Colleague: 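Right, I'll just put the structure down here and ask away after.
Bear in mind that the values here come from a model prediction, so they are computed numbers and not experimental data. Note: hydrogens, waters and symmetry copies are ignored here, and every other heavy atom, side chains too, is used.
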Amino acid sequence: MNKRLLHSVFPFLLVAGSLATAADPEPKQRSGRPLRALLVTGGCCHDYDRQKLIIPRGVSARADVVWTVVQQGGKSTNAQIPLYDDPNWADGFDIVVHNECFANARDVEWVERVLKPHREGLPAVLIHCAMHCYRTGDDRWFEFVGLQSPGHGPHYSYVVENLEPKHPIMAGFGEQWTAPKGELYHSVKLFPNCKPLGHAKRRGDNKPQVCVWTNQYGKARVFATTIGHYNETMAEPKYLNMLTRGMLWAADRLGEGAFRETDEKTDDRIRSLVAAPVNKPAAQATTKCCGEGNLAFGGPTQASTEESAKKNFARNAVDGDLNTRWCAANGNANETWQVDLGKPDHVKSLRIHWEKGDAAYQYRVDASADGKSWRGVVDASDNKKVQQITSHEVDAPNTRFLRVQFLNAQPRYWASFWEFEAYAGKLPPLPPGVAERSSGKPTVTDVQSPAGFRVTTFAAPPEVTYPVCIAAGLDGEVFVGVDEQGSLGKKKGHGRVLRCLDVDGDGVA
């Protein structure tokens with residue numbers, strides 16, 4: 001594997017997932033070496049921050065695939081991403097999944113570096129906007145894709161018809177499937193080695209547009225689908241089944257037992273990633289939360305005071321980042337903070353992420369239609385419950401402004417909170433890891449690290465308890481020595497070495 005693509009930031013803590021003892025060389029669900037996949041993503045017009053979670057986790061729930069994820073190029077259309085600067089960029093991988101969108105990266109020599117390993121036999125999967133990439137003025141990229149698509153129609157749900165029910169990729173797909181949200185690409189030219197597996201009829205002229213197919217490019221098998229603009233569609237079990245089978249087929253691994261069905265619990269877990277928090281790059285890492293549906297998110301704010309010297313500004317409380325907060329400039333009671341929702345709405349639920357996890361915060365929340373006349377919606381002035389995240393059901397119609405008045409905290413802390421949420425319906429569930437804040441248990445947010453480092457949870461109790469030593473292998477394996485007695489004894493035979501593997505590229509063992 002290309003060593004410069006290995007983890008750029010070493011995991012700090014250790015958590016539950018796929019664990020094996022040193023005496024058990026492979027996790028029990030594996031059969032032979034896992035497929036080593038590279039997911040290349042980034043560029044214009046799509047939510048690649050979440051899709052880079054949905055694809056690896058969804059596929060690895062169905063097959064033994066170990067992922068390396070490279071997201072580069074920002075939101076541009078013309079980036080020549082650093083990955084492809086290296087002529088050996090694909091070394092060590094069994095398959096590459098292209099989910100990138102760089103239509104205006106047109107340098108022929110550079111595009112040839114992308115194509116060369118595939119032409120020589122490296123299998124590929126192409127998703128959605130990968131069909132619109134690298135328009136060099138000739139057919140070189142489209143010959144790899146197997147199909148030429150100049151553009152797409154409006155956004156709507158469409159029905160995909162199965163053209164090859166007996167093809168192993170389309171097994172279990174059924175006669176047809178409705179993509180819940182979509183952006184149907186137009187297919188204007190099929191190359192000789194392209195084999196259509198599914199199509200959908202576009203609105204207006206009802207002409208079928210190929211949207212699932214295979215291609216033979218040089219020595220490489222290619223599976224491709226233009227389906228996948230929206231996260232909601234990508235997270236659907238039938239889509240992930242097709243994508244996984246397509247990957248296994250392209251890598252010539254779609255034999256007996258290679259694909260496994262998922263249960264409803266697993267499918268729901270993958271669907272939850274549609275609105276999952278996402279991280280910025282390591283150098284500017286965040287703990288994300290509270291953006292989807294939060295009426296207060298990004299709204300104009302003001303406060304009676306703010307701790308500006310430490311950059312604890314009022315606006316930080318609605319930026320969706322649980323590493324930034326508003327803090328008053330002093331420890332006085334009756335400090336206030338407020339947010340403008342932008343327009344009147346019927347607010348029905350609130351949630352505040354206070355700074356400290358060992359305090360009982362006392363406060364009030366008021367609502368206003370005009371920012372002048374206020375009415376109380378939450379009275380926690382006598383609260384004695386120690387809780388970092390406080391939630392409230394309210395009935396506040398015609399609300400444009402919300403104001404928090406801090407009264408006190410036991411023990412004595414300043415007015416300060418990480419994030420404020422307001423919703424027109426029920427509160428959404430807290431993202432994994434964030435929910436732990438409300439329990440008072442230690443989390444990675446309690447760990448201090450130097451600037452430029454990102455702290456994440458990799459494995460944790462009960463699987464990894466009392467770690468006493470740690471080592472890592474070049475293939476991403478993390479070995480942890482565990483003392484099962486903790487500090488309670490020194491009997492022989494109560495230590496273990498665990499091998500922790502991140503098999504789906506989500507940063508968790």
Colleague: Using modelled atom types only, decide if a donor and an acceptor are shared between the side chain of Gln216 and the backbone of Gly218 within a distance under 3.5 Å.
Modeller: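 Present.
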Colleague: Any side-chain heavy-atom pair from Arg50 and Leu273 closer than 4.5 angstrom?
Modeller: no
Colleague: Is there a salt bridge (Lys or Arg N to Asp or Glu O under 4.0 Å) between Asp64 and Arg253 once you walk through the steps?
Modeller: CA-CA 10 Å; Asp64 290 333; Arg253 296 277 193 96; over 6 Å; no
Colleague: Carefully, step by step, assess Lys265 and Asp268 under the rule salt bridge (Lys or Arg N to Asp or Glu O under 4.0 Å).
Modeller: CA-CA 5 Å; Lys265 183 178 180 181; Asp268 288 342; over 6 Å; no
Colleague: Heavy atoms, side chains only, cut-off 4.5 Å: are Asn316 and Asp321 in contact?
Modeller: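 Not in contact.
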Colleague: Give me the atom names and distance for the closest heavy-atom approach of Leu240 to Gly58.
Modeller: CD1-CA, 3.9 Å
Colleague: If I take atom CD from residue Glu164 and atom OG1 from residue Thr214, how far apart are they, to the nearest 0.5 angstrom?
Modeller: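 The CD atom of Glu164 sits 8.5 Å away from the OG1 atom of Thr214.
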Colleague: Could you tell me which non-hydrogen atom of Cys211 sits nearest to which non-hydrogen atom of Thr225, and how far apart they are?
Modeller: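 So the two residues come closest at O-OG1, 2.9 Å.
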Colleague: What I'd like to find out is whether the side chain of Leu147 reaches to under 4.5 Å of the side chain of Val210, using heavy atoms alone.
Modeller: yes
Colleague: State whether the number of non-hydrogen atoms from other residues, nucleotides or ligands found under 6.0 Å of Lys238 atom NZ is greater than 12.
Modeller: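 Count over threshold, so yes.
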Colleague: Quick check: does any side chain N or O of Asp483 sit under 3.5 Å from a backbone N or O of Tyr466, one acting as donor and the other as acceptor?
Modeller: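 Not a single qualifying donor-acceptor pair exists.
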Colleague: Determine whether Cys469 and Phe479 make a side-chain contact, defined as any pair of heavy atoms from C-beta on separated by less than 4.5 Å.
Modeller: no
Colleague: Is there a side-chain contact between Pro165 and Glu175 in this structure, where contact means two heavy atoms from C-beta onward sitting under 4.5 Å apart?
Modeller: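 A side-chain contact under 4.5 Å is absent here.
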Colleague: Drop me the distance from Leu197's CG to Trp213's CH2, to the nearest 0.5 angstrom.
Modeller: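 CH2 of Trp213 is found 10.0 Å from CG of Leu197.
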Colleague: Is the backbone N or O of Ser187 less than 3.5 Å from a side-chain atom of Gln209, with the two atoms forming a donor-acceptor pair by type?
Modeller: yes
Colleague: Verify the distance criterion only: is there a donor paired with an acceptor across the side chains of Asn193 and Asn215 at less than 3.5 Å?
Modeller: no
Colleague: With a 3.5 Å distance limit and no angle check, can you tell me whether Thr41 reaches the backbone of Lys52 through a side-chain donor-acceptor pair?
Modeller: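 Side chain of Thr41 to backbone of Lys52: no pair is present.
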Colleague: So how far is it from Arg57 CZ to Thr266 OG1, rounded to the nearest 0.5 Å?
Modeller: 13.0 Å
Colleague: Which heavy atom of Gly299 sits nearest a heavy atom of Val318, and at what distance?
Modeller: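 Shortest heavy-atom separation between Gly299 and Val318 comes out as O-CG2, 3.7 Å.
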Colleague: Between Arg62 and Asp267, does the salt bridge (Lys or Arg N to Asp or Glu O under 4.0 Å) criterion hold? Intermediate values first, please.
Modeller: CA-CA 11 Å; Arg62 294 163 166 80; Asp267 293 340; 3.3 Å; yes
Colleague: To the nearest 0.5 Å, what is the distance between CD1 on Ile81 and CG on Leu83?
Modeller: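 It comes to 5.0 Å.
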Colleague: Does any N or O in the side chain of Asn162 come within less than 3.5 Å of the main-chain N or O of Phe173, such that one atom is a donor and the other an acceptor?
Modeller: no
Colleague: For Ser157 and Ala179, indicate whether the former's side chain and the latter's backbone hold a donor-acceptor pair under 3.5 Å.
Modeller: yes
Colleague: Evaluate Glu161 against His199 for side-chain hydrogen bond (donor to acceptor under 3.5 Å, both in side chains), listing each step before the verdict.
Modeller: CA-CA 5 Å; Glu161 299 177 5; His199 69 209; 3.1 Å; yes
Colleague: Checking the side chain of Tyr156 only, and the main-chain atoms of Arg203 only, is there a donor and an acceptor separated by less than 3.5 Å?
Modeller: yes
Colleague: Quiz question: by atom type and distance under 3.5 Å, do the side chains of Gln71 and Asp49 form a donor-acceptor pair?
Modeller: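 The answer is yes; a qualifying pair exists.
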Colleague: What's the shortest heavy-atom distance between Ala235 and Val274, and which atoms?
Modeller: CB-CG2, 3.7 Å
Colleague: Can you classify the ring geometry of Trp141 versus Phe144 as parallel (below 30°), tilted (30 to 60°) or perpendicular (above 60°)?
Modeller: perpendicular
Colleague: What pair of heavy atoms forms the shortest contact from Pro196 to Leu190, and how long is it?
Modeller: CG-CD2, 3.5 Å
Colleague: Roughly how far apart are Arg271 CZ and Asn231 CG, rounded to 0.5 Å?
Modeller: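 Answer rounded to 0.5 Å: 13.5 Å.
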Colleague: Can we call the ring centroids of Phe420 and His353 under 6.0 Å apart?
Modeller: no
Colleague: Give a yes/no verdict on a cation-pi contact between Arg221 and Trp249, requiring under 6.0 Å between NZ or CZ and the six-membered ring centre and an angle within 45° of the axis.
Modeller: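 Checked: cation-pi criterion met.
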Colleague: Going by heavy atoms in the side chains, are Val508 and Thr457 under 4.5 Å from each other?
Modeller: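 With C-beta onward as the side chain, the pair stays apart.
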Colleague: Could you go step by step and tell me if Arg113 and Asp86 meet the salt bridge (Lys or Arg N to Asp or Glu O under 4.0 Å) rule?
Modeller: CA-CA 8 Å; Arg113 276 202 299 276; Asp86 182 356; over 6 Å; no
Colleague: Could you point out which residue of Ile352, Thr324, Leu322, Ile389 forms a side-chain contact (heavy atoms from CB on, under 4.5 Å) with Trp418?
Modeller: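 Exactly one pass, corresponding to Leu322.
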Colleague: For residues 97-107, which side-chain N or O atoms pair as donor and acceptor with protein atoms under 3.5 Å away, sequence neighbours left out?
Modeller:
{"from": "His98", "atom 1": "ND1", "to": "Tyr84", "atom 2": "OH", "distance (Å)": "3.3"}
{"from": "His98", "atom 1": "ND1", "to": "Glu100", "atom 2": "OE1", "distance (Å)": "2.8"}
{"from": "His98", "atom 1": "NE2", "to": "His118", "atom 2": "NE2", "distance (Å)": "2.9"}
{"from": "Asn99", "atom 1": "ND2", "to": "Gln51", "atom 2": "OE1", "distance (Å)": "3.0"}
{"from": "Glu100", "atom 1": "OE2", "to": "Tyr84", "atom 2": "OH", "distance (Å)": "3.0"}
{"from": "Glu100", "atom 1": "OE2", "to": "Tyr134", "atom 2": "OH", "distance (Å)": "2.6"}
{"from": "Asn104", "atom 1": "OD1", "to": "Arg106", "atom 2": "NH2", "distance (Å)": "2.6"}
{"from": "Asn104", "atom 1": "ND2", "to": "Thr77", "atom 2": "OG1", "distance (Å)": "2.8"}
{"from": "Arg106", "atom 1": "NH1", "to": "Arg135", "atom 2": "O", "distance (Å)": "2.9"}
{"from": "Asp107", "atom 1": "OD2", "to": "Glu109", "atom 2": "N", "distance (Å)": "3.4"}
{"from": "Asp107", "atom 1": "OD2", "to": "Trp110", "atom 2": "N", "distance (Å)": "2.8"}

Colleague: Less than 4.5 Å apart, any side-chain heavy atom of Val70 and any of Trp89?
Modeller: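 In short, these two side chains do not touch, never coming nearer than 4.5 Å.
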Colleague: Can you name the closest pair of heavy atoms from Thr262 and Ala61 and give their distance?
Modeller: CG2-O, 3.7 Å
Colleague: Is there a side chain to side chain contact (heavy atoms under 4.5 Å, CB included) between Ile227 and Val160 once you walk through the steps?
Modeller: CA-CA 9 Å; Ile227 311 168; Val160 181; 3.8 Å; yes
Colleague: Should the pair Lys189-Asp139 be classified as a salt bridge under the 4.0 Å nitrogen-to-oxygen rule?
Modeller: yes
Colleague: Taking distance alone, no hydrogens or angles, what donor-acceptor pairs closer than 3.5 Å link side-chain atoms of residues 119-133 to residues at least two apart or in another chain?
Modeller:
{"from": "Arg119", "atom 1": "NE", "to": "Tyr217", "atom 2": "OH", "distance (Å)": "3.3"}
{"from": "Arg119", "atom 1": "NH1", "to": "Glu112", "atom 2": "OE1", "distance (Å)": "3.4"}
{"from": "Arg119", "atom 1": "NH2", "to": "Glu112", "atom 2": "OE1", "distance (Å)": "3.0"}
{"from": "Arg119", "atom 1": "NH2", "to": "Glu112", "atom 2": "OE2", "distance (Å)": "3.3"}
{"from": "Arg119", "atom 1": "NH2", "to": "Tyr217", "atom 2": "OH", "distance (Å)": "3.1"}
{"from": "Glu120", "atom 1": "OE2", "to": "Lys116", "atom 2": "NZ", "distance (Å)": "2.8"}
{"from": "His128", "atom 1": "ND1", "to": "Thr226", "atom 2": "O", "distance (Å)": "2.5"}
{"from": "His128", "atom 1": "NE2", "to": "His46", "atom 2": "NE2", "distance (Å)": "3.3"}
{"from": "His128", "atom 1": "NE2", "to": "Glu183", "atom 2": "OE1", "distance (Å)": "2.9"}
{"from": "His128", "atom 1": "NE2", "to": "Tyr185", "atom 2": "OH", "distance (Å)": "3.3"}
{"from": "His128", "atom 1": "NE2", "to": "His229", "atom 2": "ND1", "distance (Å)": "3.3"}
{"from": "His132", "atom 1": "NE2", "to": "Ser149", "atom 2": "O", "distance (Å)": "3.3"}
{"from": "His132", "atom 1": "NE2", "to": "Ser149", "atom 2": "OG", "distance (Å)": "3.0"}

Colleague: At what distance, to the nearest 0.5 angstrom, does CZ of Phe223 lie from CD1 of Ile169?
Modeller: 5.0 Å
Colleague: Are the side chains of Val478 and Arg499 in touch, meaning some heavy atoms are under 4.5 Å apart?
Modeller: no
Colleague: Test the Arg36-Phe93 pair against the cation-pi criterion, namely NZ or CZ under 6.0 angstrom from the six-membered ring centroid and within 45° of the ring axis.
Modeller: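 The answer is no; the distance or angle limit is not met.
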